> 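Have a look at this one.
These numbers come from a predicted model, not from an experiment. Naming convention: chains lettered A, B, ... in sequence-line order (proteins, then strands); numbering from 1 in each chain.
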Amino acid sequence: MAAKKTWFQTTAIDYPNSRPHIGTAFEKLGADVQARYRRMEGYDVFFLMGNDENTVKVSKRAAELCLDTQAYCDDMARQFREVWDALDISYDTFVQTSSERHKQCCRKFIQKVYDNGHIEKGSYEGWYCEGCEEFKSEKDHKENAGNCPVHRTPLLRRNEPCYFFKLSTFSERLLKYYEENPDFIQPEIRKNEIVSLIKTEGLRDIPISRRNQTWGIQFPFDPEFTIYVWFDALLTYITGIGYGDDEATFRKWWPADTHFIGKDITRFHCALWPAMLWAAGEEPPKKVFAHGFVYLKLPEKVGDKGAGELVKIGKTTLKELGLEYLAEPMEIIKKFSAEAFRYFFLRECPYPGDGDFSPERFVDVYNSELANNLGNLLSRCLTLITKNYGGTLDSTAGWKPMWIDELDPQIQEALKASGGQYNRITWINELSKHIENCSYSVALFTIMNSLLTKSNQYIETNAPWKLVKTDKEAAKKVLFNAVQSLRIASILLKPFIPRSAEAIYTSFNFPKPWAEVQYADAAELLAQPDDLRVTAALDEGGKVKPLFPRIG
RNA sequence: CGCGGCGUGGAGCAGUCCGGUUAGCUCGCCAGGCUCAUAACCUGGAGGUCGUAGGUUCAAAUCCUACCGCCGCAACCA
């Protein structure tokens with residue numbers, strides 16, 4: 001038997017010096033859709049996430065709070081995971097870089113790179129603040145007229161010994177790799193940026209050590225130094241699957257299929273990271289996907305604070321809606337649902353590009369697409385079947401469902417005109433492609449407008465509530481077909497809004513178990529083995545409970 | 001001249017690469033229909049000189065030039 005296809009993906013690991021916000025959540029969501037989709041499609045998936053804890057900032061933050069750094073990190077990791085769990089992010093492992101295993105494996109890796117001659121000792125010169133006990137960037141120096149932005153004291157030019165990774169020697173090899181693997185950096189625009197960066201500016205050797213730090217990972221060959229952020233953080237992607245510790249597991253998953261990252265750290269993942277791996281004798285990842293950012297968009301100059309009182313949706317203020325602290329994902333999740341949160345960002349913000357989050361838009365999208373279109377379609381089907389047929393469309397066993405598109409005379413014409421070129425199978429294939437390309441917003445738009453809106457129209461034109469009075473059999477057929485749209489939609493929506501999709505699917509006795517459905521099942525119109533019936537739980541009065549209650 | 005992106009009816013976008021039917025879509029707004037449904041659904045309508053000024057062409061949102069405006073990144077902000 002052929003081995004199951006594997007799929008290893010990661011998100012960027014986060015600094016735990018502040019809580020996760022909608023931007024970090026956006027990244028995890030996009031990755032989660034991919035992981036869920038791949039699982040559906042039969043891949044053996046491993047999804048890695050984590051926190052990047054070995055930074056000076058983190059130890060300082062802990063000190064500010066008078067906490068032990070490790071205790072602080074552990075608590076932040078708990079808080080991060082709480083948010084990811086609330087959002088139903090289906091990660092398989094969560095790496096804390098302060099963990100012993102990560103440290104051990106990191107040392108093995110760096111030793112190997114050192115042994116292979118890619119690390120050399122030099123000296124680092126820069127602007128140093130004695131108060132902060134750290135080097136500041138040229139930008140900080142320039143913008144603050146030579147003073148420390150924190151202490152307002154003059155920055156000193158300082159020179160200290162430092163280890164460098166010889167990144168500059170990899171320029172040619174990187175360019176060649178990009179050329180031979182055109183999909184390595186996605187989307188295209190990010191690839192162009194990196195290529196032009198290397199061609200115009202070139203790559204410098206990069207400092208990878210800090211001296212006299214108590215927090216962080218010590219160099220195996222020189223304990224006076226600790227590893228400087230990136231050289232430790234990136235390694236999470238391999239220590240988390242057993243590099244230097246569990247060879248078989250590591251070989252099973254590496255190289256990674258996709259690293260999901262923010263567009264700002266593209267260069268580290270596309271230039272530094274492959275070079276590091278080569279330096280240690282490992283393969284580079286197959287793909288890096290750099291997603292866009294989400295910007296908090298508020299009217300005028302409301303700012304974050306005070307928005308609760310000032311911004312109104314209809315007659316209600318944000319505060320009354322419970323949306324005071326907009327950048328806090330838990331607030332939105334608690335007030336509405338993880339599903340609403342997931343849907344909004346995946347639908348409204350293009351994953352490859354930037355998007356906006358505004359409370360008004362959030363409510364618009366939710367009401368119009370989830371409540372009015374999808375949720376209402378479910379409600380009307382459930383009610384019509386329950387009221388008129390006692391919940392069971394009898395003698396529909398063996399009936400073959402129709403695809404809504406094929407029931408529309410106009411579309412039938414169009415299908416004929418295309419000479420069979422375009423049909424439901426190509427439609428589903430296109431959707432799959434969108435998901436594989438991380439064009440989630442396009443996929444959701446298509447599901448909404450090409451499937452669900454049409455299904456509401458179909459019900460409207462055939463008016464089963466009227467038809468049932470004159471021709472109960474004909475009305476039954478209409479409902480049977482309409483329900484198929486819900487089956488198809490729930491399958492297609494499974495990676496995006498898993499809970500709601502399941503709720504829809506299990507509202508009826510569809511033959512295939514929910515856990516086993518694949519995208520191809522949406523195109524496959526299998527006959528119903530039993531009479532189609534409503535299996536959803538109804539209220540005491542027999543009323544249907546809205547799946548997505550309207551906001552406002 | 002650091003790099004990149006954007007400017008299309010009230011809002012958000014597609015279309016621009018490979019110029020050519022009445023410039024599409026979603027939301028909002030207005031009118032009507034329907035009443036199974038979550039004041040939901042369906043139909044119709046108003047609303048745009050496609051940032052500005054030139055140029056190429058039989059023909060420009062689309063190609064060329066200049067300019068204006070907005071935004072992001074710039075080696076530890078996803």
> With respect to the phosphate group of A40(B), does any side-chain polar atom (N or O) of Arg550(A) fall under 4.0 Å of OP1 or OP2?
yes
> If you only use heavy atoms from C-beta on, which nucleotide in A40(B), C27(B), C76(B) is closest to the side chain of Arg361(A)?
C27(B)
> State which of A37(B), C41(B), U38(B) makes the closest approach to the side chain of Leu547(A).
U38(B)
> Over all strands shown, is Ala12(A) touching base, sugar-phosphate only, or nothing at heavy-atom distances under 4.0 angstrom?
nothing
> Of all the choices, U43(B), C41(B), C76(B), which nucleotide is nearest to the side chain of Gln457(A) once you look at every atom?
U43(B)
> Parallel, tilted or perpendicular: which fits the ring planes of Tyr351(A) and Tyr440(A), with parallel below 30° and perpendicular above 60°?
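Rings of Tyr351(A) and Tyr440(A): tilted, as their planes differ by 30° to 60°.
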> Return the 5'-most residue of the pair Glu348(A), Ile459(A) with respect to RNA chain B, ranking by each residue's nearest nucleotide.
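Whichever sits nearer the 5' end wins; that is Glu348(A).
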> Please state how far atom CD1 in Ile189(A) lies from atom P in C17(B), giving the value in whole angstrom units.
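Roughly 18 Å, once rounded to whole Å.
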> Are Phe496(A) and Tyr343(A) near enough that their ring centres are under 6.0 Å apart?
no
> Ser379(A) has a side chain; which of C76(B), A74(B), U38(B) sits nearest to it?
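Given the options C76(B), A74(B), U38(B), the side chain of Ser379(A) is closest to U38(B).
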> Under a 3.5 Å cut-off on both pairing distances, which runs of 3 or more consecutive Watson-Crick or G-U pairs involve RNA chain B?
B:2-7 with B:68-73, B:10-13 with B:24-27, B:29-33 with B:41-45, B:51-55 with B:63-67
> Does a nitrogen or oxygen in the side chain of Lys387(A) sit under 4.0 Å from OP1 or OP2 of A37(B)?
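It does, given that an N or O in the side chain of Lys387(A) lies less than 4.0 Å from OP1 or OP2 of A37(B).
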> Once you measure the plane-to-plane angle for Tyr237(A) and His269(A), does it fall in the parallel (<30°), tilted (30-60°) or perpendicular (>60°) bin?
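Answer is tilted, since the angle falls between 30° and 60°.
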> Tell me whether the OP1 or OP2 atom of U38(B) has a side-chain N or O from Lys543(A) closer than 4.0 Å.
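So the side-chain polar atoms of Lys543(A) do come within 4.0 Å of the phosphate oxygens OP1 or OP2 of U38(B), strictly under.
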> Which residues satisfy the side-chain contact (heavy atoms from CB on, under 4.5 Å) test with Ala279(A), sequence neighbours excluded?
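Ala279(A): side-chain contact (heavy atoms from CB on, under 4.5 Å) contacts with Val113(A), His118(A), Phe165(A), Phe170(A).
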